[in-house]
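Here's the structure, in structure tokens; my notes come after.
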Amino acid sequence: PQDRVHLHGPSRDHDSRSPSDSISLPPSAFAAVPTLSVYRKSPRPCPNQALVDELAVLRSWRFLQHGTGAPESISYATAISAIIGAPKIDNVEQARKLHKVGPKLLIKIDEFLTTGKIAESEETRNSAKFKALDEMTSVYGVGQKTAVELYENGIRSLEQMRALDRWPIGFKYQEDMQIKMSRADCESVANFIRIQLDRVEPGAHTVLLGGYRRGKTHSSDIDLLCTYPHEEGKEKGILSRLLYRLLAKGLIPEDGVLWSSSFASHNVAPERASTRSFDSLDKAFVIFRHPANGITRKRDYFRRVDIIITAWSTFGSAVVGWTGSTQFERDLRQVAEKKGYKFEAGGLFDKQTGVRIPTLTEKDVFRALDIPWL
DNA sequence: CCCTCATAGTT
DNA sequence: AACTAT
DNA sequence: AGGG
Ligand SMILES: Cc1cn([C@H]2C[C@H](O)[C@@H](COP(=O)(O)OP(=O)(O)OP(=O)(O)O)O2)c(=O)[nH]c1=O
Ligand SMILES: [Mg+2]
């Protein structure tokens, strides 16, 4: 079971994993599944989880080979998204009605319905190249391009990569970075940070977002959003003060600020095109030293933490933009674009005028984009 | 036929 | 500008 | 794979 948090809102979960609603539905139900995740309810048990798990391997394989933006990747990701949103698939005819599911995917689904597995998925899982690329991209700073290039040059293992000495930070924390955090771990880390933030400037409201908020039992990082309710402007300068304090306390190691929008090593004023909307977000991606407590943690663990500070007037956009899933965000931005807006975690903007629409709450975002709140 | 999320930091 | 990161 |  997933320990799903009860959330009202459109479909964000691409991690759902629960028993099915075994109601047999008319074929029209499959054609009626909205193409985009933003039009589906969430959280919702995924009746096709086993199938999705098989297909997800092939999606990962495409991501690793071509990158997440390639046509091969996008078509797979969107099709799987539709399958996640569908009722339980019992036969190919039902699957055929799903948007984004074409002939090639139908063959895979047919195979799964007949045999309970997909041979290509299993082969992929076991393939040396898949395992190598997967492992290599787990190093911070190594993406798809680098991994493929290294592989072509015969560098195919972490050990070989380590010897190159090109990713000192990536390898310094590599082992701990592979460890997923329980929900209790996430809460514990968040509380450490809350205590320090309260010393920096009391009165903040903080929320855990990302996979945690979608109900995942285990997260690869912590996404912590902070704001000062009804106190527009009070958030200014907070991030660097907070980072400074966490560094001073040793809760972030000296080399633990992986990057930060207000802490840049030595950058001048980012002379962005003047038409650009100023991001109302300050963010930092850090390595956090989660101290041992002698009970559940026998030693310190290094955790990846995203700290985001938002102005109160764009709190809703920040919540929507950082709750995910990634596919949900892509769908949402696509909808916004088609309706003449631009959405990002820092706010919702009118594309023509560049004017920012106030989004105090999540519902404000959906209302402005005319997306039903499910 | 082109696009498929938007943005920011680092190299 | 390419890459990686969210 | 599908929208425009
Ligand atoms: C990676 C990524 C994230 N996001 C948003 C949506 C994500 O839910 C949110 C946080 O990103 P992540 O922390 O990378 O993802 P996650 O929290 O959903 O899952 P986990 O941490 O367990 O791996 O940021 C995007 O909009 N685009 C992206 O490409
Ligand atoms: Mg996360």
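Lettering follows sequence order; numbering is per chain, from 1.
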Are any of the side-chain nitrogens in [X] or [Y] under 4.0 Å away from the carboxylate oxygens of its partner?
X         : Y         : value
Arg367(A) : Asp364(A) : yes
Asp221(A) : Arg303(A) : no
Glu54(A)  : Arg125(A) : yes
Lys342(A) : Glu337(A) : no

Nearest whole angstrom, please: distance from the [atom2] of [N] to the [atom1] of [X].
X         : N      : atom1 : atom2 : value
Ile287(A) : dA5(C) : CD1   : P     : 12 Å
Phe349(A) : dT7(B) : CZ    : P     : 8 Å
Arg330(A) : dT4(B) : CZ    : P     : 10 Å
Tyr212(A) : dT6(C) : OH    : P     : 20 Å
Lys145(A) : dA1(C) : NZ    : C1'   : 13 Å
Glu329(A) : dT7(B) : CD    : P     : 13 Å
Trp259(A) : dG9(B) : CH2   : P     : 7 Å
Leu239(A) : dG9(B) : CG    : C1'   : 14 Å

Quiz item: Rounding to the closest angstrom, what is the interatomic distance between dG3(D) and dC5(B) at atom P?
Solution: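 Between the two P atoms, the distance is 15 Å.
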Quiz prompt | Integer angstrom distance from the P of dA2(C) to that of dC3(B) | solution =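 So the two P atoms sit 15 Å from each other.
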Quiz item: Is the charged tip of Arg299(A) near the ring of Tyr301(A): under 6.0 Å from the six-membered ring centre and within 45° of its axis?
Solution: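 Relative to the ring axis of Tyr301(A), which defines the angle, Arg299(A) lies inside both limits.
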Exercise. Test Leu98(A) against every option in Ile89(A), Leu106(A), Thr35(A) by the side-chain contact (heavy atoms from CB on, under 4.5 Å) rule and name the one that passes.
Key: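 Going through the options one by one, the only one that passes is Ile89(A).
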Exercise. State yes or no: do Trp322(A) and Trp312(A) share one hydrophobic cluster built from I, L, V, M, F, W and Y residues joined by side-chain heavy-atom distances below 4.5 Å, directly or via other members?
Key: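 Hydrophobic grouping puts Trp322(A) with Trp312(A).
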Practice problem: Classify the nucleic acid contact of Tyr140(A) as base, sugar-phosphate or nothing, counting any heavy atom under 4.0 Å across all strands shown. | Solution: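 Result for Tyr140(A) = sugar-phosphate.
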Quiz item: Base, sugar-phosphate alone, or nothing: which one does Val148(A) contact when heavy atoms must sit under 4.0 Å apart?
Solution: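 Here Val148(A) touches no strand at all.
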Practice problem: Classify the ring geometry between Phe285(A) and Tyr140(A) as parallel (under 30°), tilted (30 to 60°) or perpendicular (over 60°). | Solution: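 Because their plane-to-plane angle lies in the 30° to 60° range, the rings of Phe285(A) and Tyr140(A) count as tilted.
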Self-check item: Structure string for DNA chain B in dot-bracket form, Watson-Crick and G-U at under 3.5 Å, | interchain
Solution: ||||.||||||
Interface polar pairs with nucleotides 1-4 of chain D, N/O, under 3.5 angstrom:
from	atom 1	to	atom 2	distance (Å)
dA1(D)	OP1	Gly102(A)	N	3.4
dA1(D)	OP1	Pro103(A)	N	3.1
dA1(D)	O3'	Lys100(A)	O	3.4
dG2(D)	OP1	Lys100(A)	N	3.1

Exercise. Establish, with yes or no, whether the OP1 or OP2 oxygen of dT4(C) is under 4.0 angstrom from a side-chain nitrogen or oxygen of Thr146(A).
Key: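 Answer is yes, contact under 4.0 Å.
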Exercise. Would you tell me if any nitrogen or oxygen in the side chain of Lys283(A) comes within less than 4.0 Å of OP1 or OP2 on dT7(B)?
Key: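 For dT7(B), OP1/OP2 do not have a side-chain N/O of Lys283(A) under 4.0 Å.
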Exercise. Check the surroundings of atom CD in Glu175(A): do more than 12 heavy atoms from other residues, nucleotides or ligands lie under 6.0 Å from it?
Key: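 Yes, CD of Glu175(A) has more than 12 neighbouring heavy atoms, counting only those of other groups under 6.0 Å.
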